[in-house]
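One structure is given below, encoded as structure tokens.
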Protein chains: 2
Amino acid sequence: MAVTIKDVAKLANVAPSTVSRVIANNPRISEKTKRRVREAMEELGYHPNYNARSLANRSTQTLGVVMPSSADKVFQNPFFPEVLRGISTKAHENEFTLYMSTGSKEEEILDAVKGMVHGRRVDGIVLLYSRIDDSIMKFLKEEQFPFTVIGKPFKYPDEVTHVDNDNFRAAKDVTEHLIERGHERVAFVGGQLDLVVTVDRLSGYEKALREANLTYRDEYIVHVEFLKEGGHEAVMELCSLEEPPTALVVADDLMALGIMSKLDEIGLSVPDDISIISFNNVMLAEYASPPLTSVDINIFQLGYQAVTCLLEKIEDAESSNKRVCVPHKLVERWSVKTL
Amino acid sequence: MAVTIKDVAKLANVAPSTVSRVIANNPRISEKTKRRVREAMEELGYHPNYNARSLANRSTQTLGVVMPSSADKVFQNPFFPEVLRGISTKAHENEFTLYMSTGSKEEEILDAVKGMVHGRRVDGIVLLYSRIDDSIMKFLKEEQFPFTVIGKPFKYPDEVTHVDNDNFRAAKDVTEHLIERGHERVAFVGGQLDLVVTVDRLSGYEKALREANLTYRDEYIVHVEFLKEGGHEAVMELCSLEEPPTALVVADDLMALGIMSKLDEIGLSVPDDISIISFNNVMLAEYASPPLTSVDINIFQLGYQAVTCLLEKIEDAESSNKRVCVPHKLVERWSVKTL
DNA sequence: TTTAAAAGTGGAATCGTTTACAATAAGAAA
DNA sequence: TTTCTTATTGTAAACGATTCCACTTTTAAA
């Protein structure tokens, strides 16, 4: 069997409790015994058992990460690896490890999450997305389990700690950017309408239009499930309008890619025939032809800050709920033309 | 505090051991008591504590997932979400959960892995990549800890269970595909040379060339770190040769995207000026302009099978090492022209 | 010196399960 | 009846840590 704290204690001629204190580097143990115990640990190749530790401790030093349904196309978005990088960086800095929940159906994921919290597998949870009426967020809230969400909670945003961009503002900015460059017919292509980020960006777009006194047309608002077919239909609709848009605000780089592919197919060129600005600025935005003008939302920071908040919440359950706003910035490339 | 097995026992008027047996659905407990105990669990809202369970059990019902360095650009490849989907599907089917290791430096990841195995946090590990001389694989092998690799281990492939495509064959196939279509000058653009998959694909390419009696030229072999700059240099080199290639075998869809972006920039069109075939067939391949002809390597299956093997290994540590080969298939789109 | 406080360790209970080993009751066979 | 199975449940010891509460020694103060 594995070597335990008792074996170490025996070899070092101390009590198990002493060994435990050495592990925790408790100042009440003399340097001399510490040295002796450490040598014993070294000699035996001792490693603490985390399960035992968690049990005694009532803390796991691990964080749960809840991704969207893996059946969902969103799952493939490079947003997630990048946000994960932010999460794991901060987690690692604080010696926390990550536990992942996945599932293909919403209910499956909810079960997994329930398992995490009831089974005491994690000390806190990061929700990587925010949907309207999300059962998982509801559950976490009811249980009063420490969690943070990336994106803005639809209901009661004040009651749950979250980190988000100012998506309303960002969308307004890019729409104005387009308007300033002479575009008067700009359309909006959004993703799943049940994602809060979609509705935020949509309202930013609308606001910009209104402020510029441009007519707002329902036909210019289109939603794409991010599936190829859906995207293509949407593009066709838009292009076959009597007054087709001269510019597109697209809620996601990947969607923009799909749209450009279709545009290319029907012989329209970006940015000469139509301009595009999208969001997220994932690596791919740079690889597109032409490279995409995109809003950098600092995905890494979203993840990093989410964990920062979560750790605070774990530390002090009573700490008040926060909202962290990660700044965005427009990265101009070649998909926008000045009219 | 949380409700424990003892509380349930008290309410149901049985011993804790009985409750435990009811949880395990042990046939030696009468249906009557089972019912009674279950009611008690229901009433109290009981949920087993996984840490305690793992401790007593010496098994965690969780699998470790080792990703490549998050600092690495590869990390962003849609390959990973998809392989994760396969992994989590199979894991879920068997009521296993996932534990994730990440880190930005190789050593950091190794530490994390050591933590997983020594700390008894997981019952087995899936390695999502195979590199030449990988310290993590070495460690796992020395420890004789159950693990499987996605991709082919460079050293001692017979001694470690792995699931892979026949990458040699796949590369040979696509190269021949190009040759059959009249291409005589076909170049190879590979990724990091320390990934085994790269060298396998490279040798398949070479073999096809040799068998077709085409001259093999060093200048036609190029490796790209997948970073934009590197990719661009490579493209420039290739295109400025006296006899530039008419077709490219590119080891990864994403790389192909980057290359096409550069090609577009310097005014070369795919497939009219140059044909491209790439690997993996991630969703993006379809979104490219033009849509990419790509080898579908069935990423989902890679993940699914890796877990299947791993579970066998966990079940029976003595089981012999396996190699599972997941079939590939060429998906033709519009990036190849017949000369 | 005597006494009080501080420093350093050890003992034993505890965290919430599982499981080997009894123990009891009920039914079948003799 | 008595005895032997068999079915069902209970007891108590792990699993491998942490931590509260003593208990010695020292050291400092009186």
(request) Could you check B:K6 against A:E31 and say which one's nearest nucleotide on DNA chain C is further toward the 5' end? (result)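 Residue closer to the 5' terminus by nearest nucleotide: A:E31.
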[X] [atom1] to [N] [atom2], straight-line distance once rounded to whole Å:
X     : N      : atom1 : atom2 : answer
A:K32 : C:dA7  : NZ    : P     : 17 Å
B:I29 : C:dT24 : CD1   : P     : 17 Å
A:N26 : C:dT9  : CG    : P     : 11 Å
A:K34 : C:dA7  : NZ    : P     : 14 Å
A:R36 : C:dT9  : CZ    : C1'   : 11 Å
A:R53 : D:dT18 : CZ    : C1'   : 9 Å
B:D7  : C:dT17 : CG    : C1'   : 13 Å
A:R28 : C:dG10 : CZ    : C1'   : 12 Å

(message) In the structure I gave you, are the side-chain heavy atoms of B:T102 and A:H92 within less than 4.5 Å of one another anywhere?
(response) no
(request) Could you check if a side-chain atom of A:N321 sits within less than 4.5 angstrom of a side-chain atom of A:K313, using non-hydrogen atoms only? (result) yes
(request) Kindly give the heavy-atom pair with the smallest separation between A:S130 and A:K152, and that separation in Å. (result) OG-O, 2.7 Å
(request) Quick one: closest heavy-atom pair of B:S54 and B:T60, and the distance? (result) OG-CA, 3.7 Å
(message) Counting the benzene-type ring for Trp, do A:F139 and A:H118 have ring centres under 6.0 Å apart?
(response)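 Ring centres of A:H118 and A:F139 closer than 6.0 Å.
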(request) Nearest-nucleotide wise, let me know which of B:A56 and A:N57 is further upstream toward the 5' end of DNA chain D. (result) B:A56
(request) Ignoring the backbone of B:T4, work out which of C:dG16, C:dT18, D:dA17 is nearest its side chain. (result) C:dG16
(request) Report the nucleotide, chosen from D:dT18, C:dT18, D:dT8, that has the shortest atom-to-atom distance to any side-chain atom of B:S30. (result) D:dT8
(message) Looking at A:E107, I'd like to know if its CD atom is crowded, meaning that more than 12 non-hydrogen atoms belonging to other residues, nucleotides or ligands lie closer than 6.0 Å.
(response)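 Counting neighbours around CD of A:E107, 12 or fewer heavy atoms of other residues, nucleotides or ligands fall under 6.0 Å, so no.
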(request) Tell me yes or no: between the side chains of A:Q76 and B:E82, is some donor less than 3.5 Å from an acceptor? (result) yes
(message) So B:T33, base contact, sugar-phosphate only, or nothing? Heavy-atom distance under 4.0 Å.
(response)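 Sugar-phosphate, backbone atoms only, no base.
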(request) Would you jot down, in residue-number order, the residues of residues 10-22 of chain A having a non-hydrogen atom under 4.0 Å from DNA chain C? (result) A:N13, A:V14, A:A15, A:S17, A:T18, A:R21
(request) Report yes if a side-chain nitrogen or oxygen of B:Y46 is closer than 4.0 Å to either non-bridging phosphate oxygen (OP1 or OP2) of C:dT17; otherwise report no. (result) yes
